[in-house]
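A short write-up of the structure that comes next.
Residue indices begin at 1 and follow the sequence shown. Just so we're clear, the structure is a prediction, and the values are computed from it rather than from any experiment.
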Amino acid sequence: MAPTTKGTGKNIEAETALQAVVLADSFNERFRPITLDMPRCLLPLCNTPLLEYTLEFLAVAGVQEVYILCRAHSEKIKNYISTSKWNRTHSPFKIIPIVTPEARSIGDVLRELDAKQLINSDFILISGDVVSNIHLDKVLDAHRARKNIDKNLIMTMVVKEASPFHRTRSLGESSIFVLDGKTQECVHYESVELYPHKRNMIMDMEVFEKHSNVQIRNDFVDCQIDICSIEVLALFTENFDYQDIRKDFVYGILTSDLLGKTIYCHIVKDAYAARVRDLQTYDAISKDVLSRWTYPIVPDSNLQEGDSYEYMRGQIYKEQNVSLSRSCVLGEKVIIGSGTEIAENVKITNSVIGRRVNIGPNVRIDGAYIWDNVTINANCSISRSILANNVVLEENVIVNTGCLLSYNVIIGPKITLPSYTKLTRHKQNLDYDDYDAQDKEDKKDNQKDDSYDIKLIGENGKGHIWNDAISDAEDDDEAKNIGVTTLAYDISNLSFTDEESAASVISEGSSDEESDSDEPTTLEIFSKEVAQTVERAFSEGHTIEIASLELNTLRMASNTTFRDTRIVVIPSILSQINTDKLLASTKDVLTRWGPLIGKLVHSKDDQIDALFTLQKYCAKSDINSKIFAPSLRTLYEIDVIEEDAILEWYYDEHSKGGVIYSKLHDVAAPFVKWLEEAEEENSEDDDE
């Protein structure tokens, strides 16, 4: 039992002020060169600083004390806090910034925090770039309940179930969690990075002796929200090898034979939680906010003092004091900050426009992030790029996909920037550090620099090229991650290899030398058997219940997933459609066999994944492509695929990738528009 007040039975820990520790630094360089001028936690996401989302989340959770641990640009963080609503008398919590100038890792930061002896009970450890609408009180209650049972519990990690194609999965990193299926205790953790590619992981065989139901999961998004005991800080202090929370601390605790501590996962299914880890997830989470998947954390909630956003049809958000010409066109998912002026014949789609932005005539902006005080002159085009504060584009500038223009950069006139160009007013050198940037910024002047590449940035341009290969960045192609398919580590072919040691090696597939083997893999055998089972169901007229039972038996016997089953079953069913009698045959086949697909989807993410499988099948040939639109509508009508899943699939950038995918996406547009109009009509009826 947790300690109680004598004679009352009340939980002392529950009565202690709830504390939270916010990590303002990531200790990586994924947002360089932008973070040379501004701390990552203050970068705007949909015109609101990232830190604001995290603090709002903590306020809703009932936190009473917040410690913000900062290193780079600490003065800017302190100034932001002092002028924000969180420093008012009506703030729900006390907020204390702690500067750690000597820290070089998250481990160093936590060791400094432990030395200050400020934490007096279980606390929330969270990154300063988290966007979430989770009800954290339920997570806290579950953590306390587990702690009453398991005295060795020191941490609960919040993870969200997500399909392998989920857009908020980071391209550069993923994780494998090995859990006890009954208690959700994490018995092993393995970090999986894109490079170098990991082919095996080692586990102690005792895990399988102690836990009868072991699950190997790679379908989690790590929210970077942890409930920790004070002992976590002490363990960091005792072991200076602990630098990263997951790769070092969690892995080290779970593989230690001496410590005997336990860590659990709290799995979230229905709420939203994601961390802005890199440019790809910045893009994905921005679109989620505009699409209202994060509700009530949406722009028209007006999180900051002075915000005045209104929600308009087509997922458009506009603040007061915005000047729009009559001929400008705003597409879906657009937000515009106050003081912005947009001239004639401008087209903006899927973009964020900051405050006090001046956009000249004949400008095209698609999938871009335009921050505050940017000037875009006539005849410019910007595609899927970021323009930071005070950037100026002279006339006839084309900014191609994946560019990052940092603060105060000037381009043009008549310049075309190559894709994935990064520009900054800072000169690059090997020793440049975000922490030193503030001092160096104070010393530099704004005089003309003869080292500017005039051919690249134009005769009026000001800015230096930033090369990730020269810097010490972790991700050389970070800018290319905007909108790229996320890493989903494939564990479908993982196999256990029993060795002479007490450990088991889990390997991914076979080695390169064995890759030419003619022996079919377990998954290939399973897929063949699924296809045969479905064909037998067609020919013998099995009921849906019998066909589903046979598939589930086969799936469990092969230790495979529902997704492995879906990617065979869906094409098999679609192959039964007679394209000569397209509409009638589609309706007949899917009315008869569509419910079998329904037996294989158990969440919205499953439905979205099924839509991508449908799209992939229909993209194989012109004949197959004819099936797409009527199949989509029929699956909706028979309640196999729900409206929310269709809309999320439609607005996912991956559904537009490639020429054929893009055509199928466009084919679905009229049906999606009908769904949105119907939803709006229902909403109006409810209001009445």
Side-chain angles (χ1 to χ4, degrees), residues 161 163-165 181 213 215 219 269-270 492 520-618 620-621 623-646 649 668 671 675:
E161 278 192 352
S163 70
F165 297 103
N213 183 356
Q215 299 177 347
D219 58 339
K269 297 182 180 180
D270 299 325
S492 58
T521 65
T522 302
L523 187 59
E524 289 172 338
I525 296 171
F526 170 74
S527 298
K528 183 177 180 180
E529 291 179 347
V530 168
Q532 292 172 345
T533 300
V534 175
E535 289 297 328
R536 187 166 60 252
F538 292 154
S539 61
E540 298 178 7
H542 291 174
T543 64
I544 296 299
E545 286 70 23
I546 291 176
S548 175
L549 180 62
E550 290 184 353
L551 290 173
N552 275 329
T553 302
L554 185 60
R555 178 183 60 80
M556 289 186 286
S558 303
N559 195 27
T560 50
T561 66
F562 280 106
R563 182 174 184 271
D564 296 329
T565 312
R566 285 198 304 271
I567 60 178
V568 179
V569 170
I570 292 174
S572 297
I573 292 174
L574 296 176
S575 68
Q576 300 297 305
I577 296 174
N578 182 355
T579 53
D580 292 333
K581 301 176 181 178
L582 182 62
L583 296 179
S585 180
T586 301
K587 193 170 186 65
D588 290 345
V589 170
L590 291 182
T591 299
R592 172 68 174 88
W593 294 107
L596 183 58
I597 301 174
K599 296 284 188 180
L600 302 174
V601 295
H602 304 92
S603 66
K604 183 173 68 176
D605 284 340
D606 285 352
Q607 294 178 31
I608 295 168
D609 183 62
L611 287 172
F612 276 108
T613 303
L614 169 65
Q615 188 178 22
K616 182 178 180 180
Y617 173 83
C618 293
K620 289 183 177 180
S621 69
I623 294 177
N624 288 5
S625 66
K626 298 176 182 178
I627 298 172
F628 186 71
S631 297
L632 180 63
R633 190 176 190 101
T634 304
L635 290 172
Y636 169 74
E637 290 174 347
I638 63 175
D639 296 326
V640 171
I641 305 294
E642 296 176 353
E643 176 183 345
D644 286 350
I646 295 173
W649 163 83
F671 180 56
L675 287 176

Nearest 0.5 angstrom please: [X] [atom1] to [Y] [atom2], how far?
X	Y	atom1	atom2	value
Gln607	Ile646	CD	CD1	8.5 Å
Glu161	Ser603	CD	OG	7.0 Å
Ile573	Leu596	CD1	CG	5.0 Å

Considering all heavy atoms of both residues, which atom of [X] and which atom of [Y] are nearest to each other, and what is their separation?
X	Y	answer
Gly594	Ile638	CA-CD1, 3.8 Å
Ala668	Leu632	CB-CD2, 3.8 Å
Leu611	Ala645	CD1-O, 3.8 Å

Would you list the pairs meeting ring-ring contact (aromatic ring centres under 6.0 Å, His included) in which at least one residue belongs to residues 571-598, sequence neighbours left out?
Phe538-Trp593

Sequence neighbours excluded, every pair satisfying ring-ring contact (aromatic ring centres under 6.0 Å, His included) that has a member inside residues 549-585:
Phe562-His602

Report yes if the side chains of [X] and [Y] come closer than 4.5 Å at any heavy-atom pair, otherwise no.
X	Y	result
Pro571	Leu574	no
Val640	Leu590	no
Ile577	Ser631	yes
Val568	Val534	no

With [X], which residues qualify under side chain to side chain contact (heavy atoms under 4.5 Å, CB included), at least two apart?
X	answer
Arg592	Ile544
Lys587	Thr591, Glu637
Thr561	Arg563, Asp564
Leu549	Thr553

Partner residues of Glu529 under the salt bridge (charged side-chain N to carboxylate O under 4.0 Å, His left out) criterion, sequence neighbours left out:
none

Under the salt bridge (charged side-chain N to carboxylate O under 4.0 Å, His left out) test, residues paired with Lys599 that sit two or more places apart:
none

The criterion is ring-ring contact (aromatic ring centres under 6.0 Å, His included); which residues satisfy it with Tyr636, sequence neighbours excluded?
Phe671

Using ring-ring contact (aromatic ring centres under 6.0 Å, His included) as the criterion, list what pairs up with Tyr617, not counting sequence neighbours.
none

Leu600/Asp606 under side chain to side chain contact (heavy atoms under 4.5 Å, CB included): CA gap, chis, key distance, verdict:
CA-CA 8 Å; Leu600 302 174; Asp606 285 352; over 6 Å; no

Could you walk me through whether Ile641 and Leu614 satisfy the side chain to side chain contact (heavy atoms under 4.5 Å, CB included) test, starting with their C-alpha distance in whole Å, then the side-chain angles of each, then the deciding distance to 0.1 Å, before giving a yes or no?
CA-CA 12 Å; Ile641 305 294; Leu614 169 65; over 6 Å; no

Results of side-chain hydrogen bond (donor to acceptor under 3.5 Å, both in side chains) for Gln215 - residues two or more places apart only:
Arg217

How about [atom1] on [X], more than 12 heavy atoms from neighbouring residues, nucleotides or ligands closer than 6.0 Å, or not?
X	atom1	answer
Asp270	CG	no
Lys604	NZ	yes
Glu642	CD	no

Selection residues 565-586 - residue pairs positive for side-chain hydrogen bond (donor to acceptor under 3.5 Å, both in side chains), sequence neighbours left out:
Arg566-Asp609

